[in-house]
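Lettering of chains follows the sequences in order, A, B, ..., and the numbering in each one begins at 1. A quick note: this is a predicted structure, and the numbers were derived from the prediction, not measured.
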Amino acid sequence: MRVVVQDAPFDPGAELTAFSAGSAGVGAVVSFSGIVRDDHGDLDALEIEHYPGMTERALTQQAKTAMQRFGLADVLVIHRYGRLAPDEPIMMVATAAAHRRAAFQGSEFMMDYLKSRAPFWKKEHRAGQTEWVNAKLSDEDALMRWHR
Amino acid sequence: MRVVVQDAPFDPGAELTAFSAGSAGVGAVVSFSGIVRDDHGDLDALEIEHYPGMTERALTQQAKTAMQRFGLADVLVIHRYGRLAPDEPIMMVATAAAHRRAAFQGSEFMMDYLKSRAPFWKKEHRAGQTEWVNAKLSDEDALMRWHR
Amino acid sequence: MIEILYFAWLRERIGIPKETWMTEAVTVADLVDELRAREERYAIAFEDISSLRVALDQELSSFDAPLSGVREVAFFPPMTGG
Amino acid sequence: MIEILYFAWLRERIGIPKETWMTEAVTVADLVDELRAREERYAIAFEDISSLRVALDQELSSFDAPLSGVREVAFFPPMTGG
């Protein structure tokens, strides 16, 4: 299990290669990467604030929960903070398991959690203006489906 | 959209990097890779037979269906045939979309399809013996959930 | 004249990957009956068609489908890709 | 004495990322009342606590939770990671 919170850029493909190499014996690896989108062509940067200490703690705890709940062989979480440009990767999650269903579910579970329970906040910079991104109700709903 | 059926090995991480670079403007990329498992420590090789012509055709058709159904920006499918060693990647699927749910669903849909509708057959080589892998009822069930 | 292809254990049981066959069969099931009548290895291979799948001109189809206009018929066990 | 942390727009409205505060508050809600009474920027920032979240010693918690034994309280808007 590996949880990384960093301001430096990273390459999801290279991380996937390293993660897979470290997961001998598994049959299925799923990865998710989230990328800075510029829907209106006017985004200068996405700024990500986080809560040092709590972030690592919360992500580690959730990765452990995912490992146990879905019987995963391994979990990787990388999340950036600081100032990011459009098309840069923001974060990635990868899960390794014997079978595909567990790997998919583990990654979706991690993502739904990350979106609304890990202490990150996004601020958009557009044409000299800044605006905090609002939490989406749909993200809260997505998380609720895991509560049995 | 890219569909590749090949006997040569491939690196899912490198393919993910190339796929992501080609998908500017998307917010979410999901990848799945399937790897040769050796559960009992006695697998010499996994042999994969396919139906040249129909394979490419079936995968391309399904990738188009996935693009449309889930509003994907891009889909990648790579599937090997021939003789593979334990821990070698068998295949991968990657999907790019604006949001995570579509990217996850697109990849799961492609995988469920691939497992029981694309013309591939696996044969296990163990200690000089060979055995064709039986189709799993659970794979058929997995596919059925997409039939609305 | 149609081209018939066999895959996986069906190919192994019949002993060839493909052959050309002159047929009067109206449906896939009729063609299977013709093949079964040829030789025992066909009769054995096609004993239980519920464990087999068929593709007509590279599209998955069913055993009651008509053969009219079809050039390539493929028989194989359930697929195990991915 | 507890450490209070603010994040995102809450941090910007209050104007500082953290501060140490001497409190007699029994619950988080009591602490919020104390802060609101200090200065208008606090009153405005904490106007609607339904739009805020709280963590006690780096664990998500709720506004009716007791503060006893807590060293670090963090207030912030709903999270938007991923």
Point to revise | More than 12 heavy atoms from other groups under 6.0 Å of CD on B:Glu131 | key: no

Practice item. Can you check whether anything in residues 51-63 of chain A gets within less than 4.5 Å of chain B, heavy-atom wise, and list it by number? Key: none

Review point. Among B:Ala96, B:Ala98, B:Ala103, B:Ala142, who wins on heavy-atom pairs under 4.5 Å with chain A?
Key: B:Ala98

Review point. What part of A:Ala18 gets closer than 4.5 Å to chain B, counting heavy atoms only: side chain, backbone, both or neither?
Key: neither

Exercise for review: Measure up the A:Phe104 and B:Phe104 rings against each other and bin them: parallel (under 30°), tilted (30 to 60°), perpendicular (over 60°).
Suggested key: perpendicular

**Study point:** Partner set under salt bridge (charged side-chain N to carboxylate O under 4.0 Å, His left out) for B:Arg100, not counting sequence neighbours
**Key:** A:Asp112, A:Asp139

Review point. Is it the backbone or the side chain of A:Asp87 that comes under 4.5 Å from a heavy atom of chain B, or both, or neither?
Key: side chain

**Study point:** Most chain A-contacting option - heavy-atom pairs closer than 4.5 Å, from B:Asp38, B:Asp39, B:Val93, B:Val26
**Key:** B:Val26

Check your understanding: Which distance, rounded to the nearest 0.5 Å, do you find between the OG of B:Ser31 and the CG of A:Leu16?
Key -> 5.0 Å

Study note, to complete from the structure: Between the CZ atom in B:Arg101 and the CE atom in A:Met111, the distance rounded to the nearest 0.5 Å is 12.5 Å

Revision key, fill the gap. Honestly, the part of A:Ala14 sitting under 4.5 Å from a heavy atom of chain B is backbone

**Study point:** Part of A:Ser138 within contact of chain B (heavy atom distance under 4.5 Å)
**Key:** neither

